[in-house]
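The structure under discussion appears below in the form of structure tokens.
Letters A, B, ... are given to chains in the order of the sequence lines, protein chains preceding strands, and every chain is numbered from 1.
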Amino acid sequence: MRHWLFKTEPGEYSIDDLAAAPQGIARWDGIRNYQARNLLRDEVQIGDQILVYHSSCKPAGVAGIAQVVRSGYPDPAQFDLTSAYHDAKADPQSPRWFCVDIRLVEKFPRLITLQTIKKQAVLANMTLLKQGRLSIQPVSAAQWRRIQALSDSASQA
DNA sequence: GCCAACGTTGGC
DNA sequence: GCCAACGTTGGC
């Protein structure tokens, strides 16, 4: 079982939208970056745990936890002419873009802000800080535990 | 709104 | 296959 960080702009899709979805399950689609695509297609597995990260907002940070309930499959939006994620070059015979389904596990009582993350020495090598633009990122077990610990201490405060 | 980082495109 | 131009991301 592996850990990941998925980015989303809360103005587009937030953890509250995920919470409001039926059974807290949603398709994580619209990823249009090859490195992220490869992870969704080849690496992300059912049962893997996800940090849901809110980007391009004030403040940015980890909003909660989700879990993969369906592993990589072709993103239908690439073939949908009405979708903003439509891709004219995508071929149904060899799909270009992939997505997964995830289910909300927990919304953190407080956002774990990017600012807080940057203060943690254990988290200094997070992909989030090293390669900030990648929208699907691996997270180590140690990094995962630290984020959870930060959330636990925030909920007691 | 600015700008650094970096991914993508397209001419050669 | 290189690389300049361009576009996007995302923190500040």
For A:Val122, what residues pass the side-chain contact (heavy atoms from CB on, under 4.5 Å) criterion, not counting sequence neighbours?
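A:Val122 satisfies side-chain contact (heavy atoms from CB on, under 4.5 Å) with A:Arg146 once adjacent residues are dropped.
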
Non-neighbouring partners of A:Gln49 that pass side-chain contact (heavy atoms from CB on, under 4.5 Å), sequence neighbours left out
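If we apply the side-chain contact (heavy atoms from CB on, under 4.5 Å) test to A:Gln49, skipping adjacent residues, the hits are A:Met1, A:His3, A:Trp144.
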
For A:Asp42, what residues pass the salt bridge (Lys or Arg N to Asp or Glu O under 4.0 Å) criterion, not counting sequence neighbours?
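Not a single residue meets the salt bridge (Lys or Arg N to Asp or Glu O under 4.0 Å) criterion with A:Asp42.
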
Sequence-distant partners of A:Tyr73, ring-ring contact (aromatic ring centres under 6.0 Å, His included), two or more places apart:
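A:Tyr73 satisfies ring-ring contact (aromatic ring centres under 6.0 Å, His included) with no other residue.
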
Under the rule for side-chain hydrogen bond (donor to acceptor under 3.5 Å, both in side chains), what residues qualify as partners of [X], not counting sequence neighbours?
X	answer
A:Glu12	none
A:Thr82	A:Asp80
A:Trp28	none
A:Gln45	none

Could you check which residues of residues 55-64 of chain A get a heavy atom under 4.0 Å from DNA chain B? Sort them by number, please.
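Contacting residues: none.
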
At a heavy-atom distance below 4.0 Å, what parts of residues 27-34 of chain A sit against DNA chain B?
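Those residues are A:Asn33, A:Tyr34.
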
Check this for me: does any side-chain nitrogen of one of A:Asp87 and A:Arg32 sit under 4.0 Å from a carboxylate oxygen of the other?
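No.
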
How would you give the extent of chain A contacts on DNA chain B, as first and last nucleotide 5' to 3' within a 4.0 Å heavy-atom cut-off?
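Listed 5' to 3', the contact boundaries are B:dA5 to B:dT8.
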
Tell me the side chain to side chain donor-acceptor pair (under 3.5 Å) pairs involving residues 53-70 of chain A, sequence neighbours left out?
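Qualifying pairs, neighbours excluded: none.
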
By nearest heavy atom, map A:Gln131 and A:Lys89 onto DNA chain B; which one lands nearer the 5' end?
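Taking each residue's closest nucleotide, the earlier one in sequence belongs to A:Gln131.
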
